[in-house]
Amino acid sequence: MDNLGHLTPEDEIFLDEDVLRDDYDPSRILERDEVLNRYLQMFSEVIRGKRPRNVFVYGPTGVGKTVGTHLVLDRVREDADGVDDVDVTAVQMECRDLNTSYQVAVNLVNVLRESTPRSSISTTGYPEGDVYDMLFDELRKADTTHVLIALDEIDNIGTSDNVLYKLGRCNNRNSAKFVDPDDTKVGLIGITNDSTFRDSLDPRVKSTLCEHEIHFPPYDANELRTILKDRAADAFHDGVLTDDVVPITAAFAAKRSGYARTALDLLYTAGDLARSSDDDVVTEQHVRQAEEEIQQGAIVSEIASLSPQGKLVAYTLLALDNEGELPAKMDAFYAWYEHAARLTETDTVTARTVRDLLNDLVINGVAKMEEINRGQRGGRHYRYSLAAHPEMIVDGLTEDDTITELDEQRGGKLFR
């Protein structure tokens, strides 16, 4: 025990490391002026006292959708304060743990009731029609001219999209759940990491919600450099970072994903390595070491902890890469996944579930996702490829007997 070190409050590297953490809520968002101003203009009718538009917001994780929505809604409320006879209430709710329209509607009722004497309702036990009656009654009674409802991660509700249809059309006099715009004007904002979610929507929902879209694309290296420089000024003591740290961190993150979260995690890990080694400064070498550790440790651990279906998706990615078939569109990827599932006598999941599993691998640096936009005629789709070294995925899968037996059936191409 005498050889055990001590913990001290002194920190020669970090001034405030929380600035780099995932739950930090910035007061502004950089390198998004163009998209945020376009987003804000979607609500210009609100300030004129008219009915708001419904808006579909999409883009991968970590590119500013949630924070950007929060800032835009704050600005709409702020601008409405100076306009007579316009009063805006904004509700921003996560659907991460809500997988049906019923659950979304119940939670909205309770959120809208937070400022009223009426009590909240249970998440179970009500007929769905009664829940919608309560929801639209709350909207009618709202002491405000406009209610803007932003539902984050709406793809979690899957094909249970009835609440999107009802909210998107509730100011329409032909709607079964009509909210007279003379009482309250309602606008719906749907936010998702999965732009292909719209393809699974009921055509009526799609025409209502997706008529107006805002796309948050991944950041490039220069944009990530700006974001990192800004956060680093608050996170580190002066003079701690060498000049090459921010540029190389931005370059690594841009290559891996283009997500701000990836860049901030990498910068934090580099700083933590310097602190653990009692170094006075954070250098390019710390960043390179952090990138290697993050890639190797996190990816192997991530792969090893995947569900059986997730591991089958990871193996599919690995096998297609080995055969030179990447990057691949979703239909080609899914066809190979079905083949692998048959070989292992495993039940298949839907293409949507496979896409969700792939997107999780993108977030964790295992896969890359490239958007291909061929315009109005050619349409938009994604292509997937491998981002991590194949050996890392093999290391993560090597303890799974189903996967190793699958590879043996294919001639032992990947596990030797």
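What you are looking at is a predicted structure, and each value in this text was computed from that prediction instead of being measured.
Taking 4.5 Å as the limit, some side-chain heavy atom of Leu139 sits within range of a side-chain heavy atom of Leu167.
In this structure, Arg32 forms a cation-pi arrangement with Tyr219, its terminal cationic atom sitting closer than 6.0 Å to the ring centre and no more than 45° off the ring axis. In this structure, Arg198 is positioned above the aromatic face of Tyr58, its NZ or CZ under 6.0 Å from the six-membered ring centre and within 45° of the axis.
By the 4.0 Å N-to-carboxylate-O rule, Lys65 lies too far from Asp152 to be salt-bridged with it. Of the charged side-chain nitrogens involved, at least one lies within less than 4.0 Å of a carboxylate oxygen, so that Arg21 and Glu17 count as a salt-bridged pair. A salt bridge is defined here as a Lys NZ or Arg NE, NH1 or NH2 lying under 4.0 Å from an Asp or Glu carboxylate O, and Asp22 with Arg261 meets this definition. Under the 4.0 Å criterion applied to side-chain N and carboxylate O atoms, Lys255 and Glu291 are not assigned as salt-bridge partners. Ion pairing of Asp81 with Arg77 is absent here, as no side-chain N (NZ or NE/NH1/NH2) approaches a carboxylate O to less than 4.0 Å. Salt-bridge annotation for Asp202 and Arg204: present, with a side-chain N of the basic residue lying under 4.0 Å from a carboxylate O of the acidic one.
With sequence neighbours excluded, the residues satisfying salt bridge (Lys or Arg N to Asp or Glu O under 4.0 Å) with Glu78 are Arg75.
Few gaps surround CD on Gln409; more than 12 heavy atoms of other groups in view lie less than 6.0 Å from it. Atom CG of Asp331 has more than 12 neighbouring heavy atoms from other residues, nucleotides or ligands inside a 6.0 Å radius. Dense packing is recorded around CD of Glu323, with more than 12 heavy atoms of other residues, nucleotides or ligands lying under 6.0 Å away. Around the CD atom of Glu128, the shell of radius 6.0 Å holds more than 12 heavy atoms that belong to other residues, nucleotides or ligands.
Thr69 and Tyr39 share a donor-acceptor pair across their side chains, judged by distance under 3.5 Å alone.
The CG atom of Leu40 sits 8.5 Å away from the CG atom of Leu36 when rounded to the nearest 0.5 Å. Rounded to the nearest 0.5 Å, atoms CG (Asn193) and CZ (Phe216) are 12.0 Å apart. In this structure, CG on Asn156 lies 10.5 Å from CD on Gln103, to the nearest 0.5 angstrom.
Closest of all the heavy-atom pairs between Thr226 and Leu30 is O-CD1, 3.9 Å. Heavy atoms only, all atoms of each residue included: Lys185 and Pro52 are closest at CB-CD, 3.8 Å. Smallest separation of non-hydrogen atoms from Met330 and Ala351: CE-O, 3.6 Å. Between Val63 and Gly59, the shortest heavy-atom distance links the atoms CG2-C, 4.3 Å. Across Ala80 and Ile47, no two heavy atoms sit closer than the pair N-CD1, 3.7 Å.
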(message) Does Tyr268 form a ring-ring contact (aromatic ring centres under 6.0 Å, His included) with Phe14? I'd like the steps, not just the answer.
(response) CA-CA 9 Å; Tyr268 171 76; Phe14 289 105; 5.4 Å; yes

(request) Apply the test side chain to side chain contact (heavy atoms under 4.5 Å, CB included) to residues Asp407 and Leu397: give CA-CA distance (whole Å), side-chain angles for both, the deciding distance (0.1 Å), then the verdict. (result) CA-CA 11 Å; Asp407 192 64; Leu397 294 174; over 6 Å; no

(request) Assess whether side-chain hydrogen bond (donor to acceptor under 3.5 Å, both in side chains) is satisfied between Asp244 and Thr242, documenting all intermediate values. (result) CA-CA 6 Å; Asp244 49 7; Thr242 59; 2.6 Å; yes

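Of the candidates Lys50, Arg51, Arg53, Glu45 forms a salt bridge (charged side-chain N to carboxylate O under 4.0 Å, His left out) with just one, namely Arg53. Here the rule is side chain to side chain contact (heavy atoms under 4.5 Å, CB included) with Ile121, and of Leu135, Val109, Asp130 only Val109 fits it.
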